[in-house]
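Notes follow once the structure below has been shown.
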Amino acid sequence: MANKNRKYFPIFVNLSDKKVVVVGAGTIAKRRIRALVDFTDHLFVIAPEVNPELHTLEGAGRLTILRKKYDKEDICDAAMVIAATNDHRLNQEIYTDCKEMGVPVNVCNDKTRCDFYFPVLAYNDPIVVGVNSAGRDAAGSKRVAAQIREMLQKPEDPGVSSPSVESASLVHSVTSSVIMKRADDKEAEATASTGTEKSIQAVFSTESEKTTQSASGTEPANPAKTANKTIRIFTDGAARGNPDGPGGYGVVLQYTDASGAVHEKELSQGYVKTTNNRMELMAAIVGLEALNRPCEVELYSDSQYLIKAFNQHWLDGWIKRNWMRNKTDPVKNVDLWKRLLAAARPHQITWHWVKGHDGHPENERCDRLATSAADGDDLIEDDMSSVED
């Protein structure tokens with residue numbers, strides 16, 4: 001039986017004299033093109049229309065644009081093909097053609113139709129590093145690659161810039177990772193160095209205080225036993241072609257330590273097919289699951305679907321009616337609501353609604369994270385058995 005979580009072997013290929021074809025010129029295609037343009041002299045882009053950025057690369061002789069619709073003959077002598085159009089049927093056609101001709105193919109937004117994955121690149125000549133998670137943790141791959149880029153930067157080398165602000169913020173993320181950790185990184189964080197653990201213990205006590213909450217997760221059963229750390233969690237979800245297209249969530253976690261320093265962590269992930277409401281719920285779930293001890297949480301979202309379920313006690317009614325909205329209509333997305341309640345239970349949470357696309361800095365950041373994840377290629381499957389919108 002095939003192992004769906006099989007690791008992909010990293011291999012470095014000389015593409016300089018090989019034909020590489022990218023079909024499409026949208027957001028994902030541009031990312032692939034920007035990654036490939038430094039590695040091959042025979043990069044072909046097939047699309048009826050392209051944007052000015054690709055015109056510039058074409059003018060510089062970095063690639064060739066075929067302004068036309070895709071045809072099977074376009075890939076007959078290709079070493080590799082990237083299907084990155086927004087037409088799922090066309091992507092499937094390209095995949096079928098490639099399999100028939102024995103050409104390795106990567107179908108963006110469909111991890112089941114990828115002979116290879118694109119790594120997140122970090123390089124400083126002559127070193128080239130690729131980071132990949134086989135489509136299972138795109139955000140984690142990006143964070144690791146960013147840290148590697150910082151390691152590869154050498155101030156003494158001419159033309160190499162100093163570490164960016166983005167890289168510097170990652171140091172804060174790593175330092176505070178014992179507070180805000182991804183649920184799927186528990187083993188890795190358990191092996192953190194003793195020095196890091198001691199510095200964190202100076203900020204947090206080693207004994208977890210436990211609280212219990214009502215079904216809606218908004219009030220502790222024992223107010224006298226409160227969480228002792230305040231975390232701000234900002235969340236947002238996005239879906240393209242809701243509910244038949246890809247989507248993603250974005251989360252920003254913030255914590256201010258005793259010295260006044262602000263520690264941040266960003267989390268995001270894209271899904272092949274999902275809905276906006278599911279991504280709003282997933283953002284809140286992932287943010288809360290990233291906490292490794294009971295905390296006071298200020299959670300901010302522009303989703304009234306999420307916030308009203310707690311603040312207007314929709315959840316209490318749904319639970320009393322055995323997850324029915326009324327006598328005839330079942331509650332949708334029950335799987336995520338139950339997971340969210342479990343994630344909320346250890347914490348004291350205040351649920352805040354913020355107006356979306358209204359200049360709120362962290363909400364705008366979350367929106368960018370969510371949409372970038374939705375437009376990325378390391379998308380995973382979502383269980384769509386309980387869809388609302």
Side-chain angles (χ1 to χ4, degrees), residues 5 7-8 10 28 31-32 34-35 111 117-124 127-153 161-193 195-197 199-200 231-238 248-255 257 261-271 279 282-283 285-292 362 364-380:
N5 294 326
K7 296 180 177 64
Y8 279 64
I28 298 175
R31 292 176 187 166
R32 298 293 161 264
R34 285 196 293 263
K111 61 185 293 186
Y117 282 103
F118 260 82
V120 183
L121 293 172
Y123 55 94
N124 185 5
I127 298 174
V128 178
V129 179
V131 181
N132 186 263
S133 62
R136 296 166 60 192
D137 187 3
S141 295
K142 292 176 183 178
R143 288 196 302 274
V144 171
Q147 293 171 6
I148 293 173
R149 290 191 194 103
E150 185 175 350
M151 291 171 60
L152 291 176
Q153 290 173 334
S161 61
S162 59
S164 64
V165 173
E166 179 182 1
S167 296
S169 68
L170 284 162
V171 177
H172 287 290
S173 296
V174 173
T175 303
S176 59
S177 63
V178 175
I179 321 161
M180 306 175 191
K181 67 172 186 286
R182 292 181 59 87
D184 54 357
D185 285 340
K186 291 181 179 178
E187 287 189 14
E189 300 211 352
T191 61
S193 67
T196 301
E197 290 175 355
S199 65
I200 294 299
I231 305 293
R232 294 175 298 279
I233 302 178
F234 304 89
T235 69
D236 197 19
Y249 64 75
V251 183
V252 175
L253 298 101
Q254 292 181 347
Y255 162 70
D257 65 22
V262 177
H263 302 267
E264 292 189 335
K265 186 163 189 153
E266 294 182 350
L267 303 172
S268 62
Q269 177 63 57
Y271 290 78
M279 292 298 95
M282 276 303 303
I285 289 167
V286 170
L288 292 170
E289 288 182 347
L291 306 177
N292 75 346
E362 284 79 14
E364 297 291 343
R365 284 173 63 188
C366 290
D367 177 68
R368 289 192 294 271
L369 287 169
T371 54
S372 294
D375 293 333
D377 65 318
D378 289 329
L379 305 184
I380 61 178

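Only heavy atoms go into these numbers, but all of them, side chains included; no hydrogens, no water, no symmetry mates.
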Distance from [X] atom [atom1] to [Y] atom [atom2], nearest 0.5 Å?
X: Ser268; Y: Asp236; atom1: OG; atom2: CG; result: 12.0 Å
X: Glu264; Y: Tyr255; atom1: CD; atom2: OH; result: 14.0 Å
X: Gln269; Y: Met282; atom1: CD; atom2: CE; result: 8.5 Å
X: His263; Y: Leu253; atom1: NE2; atom2: CG; result: 13.0 Å

Does any part of the side chain of [Y], heavy atoms only, come nearer than 4.5 Å to the side chain of [X], both counted from C-beta?
X: Lys265; Y: Ile231; answer: no
X: Ile380; Y: Tyr271; answer: yes
X: Val144; Y: Val120; answer: no

Closest heavy-atom contact between [X] and [Y]?
X: Gly250; Y: Ala370; result: N-CB, 3.6 Å
X: Glu266; Y: Arg143; result: O-NH1, 3.6 Å
X: Cys366; Y: Phe234; result: SG-O, 3.0 Å
X: Pro119; Y: Gly130; result: CB-CA, 3.7 Å

**Report entry** Salt-bridge criterion met for Glu362 and Arg232 (N-O under 4.0 Å)
**Finding:**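 The answer is no: the pair does not qualify as a salt bridge.
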Report task. Let me see the working for Glu150 and Gln147 under side chain to side chain contact (heavy atoms under 4.5 Å, CB included), right down to the final yes or no. Result -> CA-CA 5 Å; Glu150 185 175 350; Gln147 293 171 6; 5.6 Å; no
Report task. Would you mind telling me which of Leu369, Leu267, Thr235, Ile233 makes a side chain to side chain contact (heavy atoms under 4.5 Å, CB included) with Val252? Result ->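 Output: one option passes, namely Leu369.
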Query - Donor-acceptor contact present, side-chain Arg149 to main-chain Asn124, <3.5 Å - result: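 No, the answer is negative, given that no donor and acceptor are paired below the 3.5 Å cut-off.
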**Report entry** Stepwise side chain to side chain contact (heavy atoms under 4.5 Å, CB included) check, Phe118 with Arg31
**Finding:** CA-CA 10 Å; Phe118 260 82; Arg31 292 176 187 166; over 6 Å; no
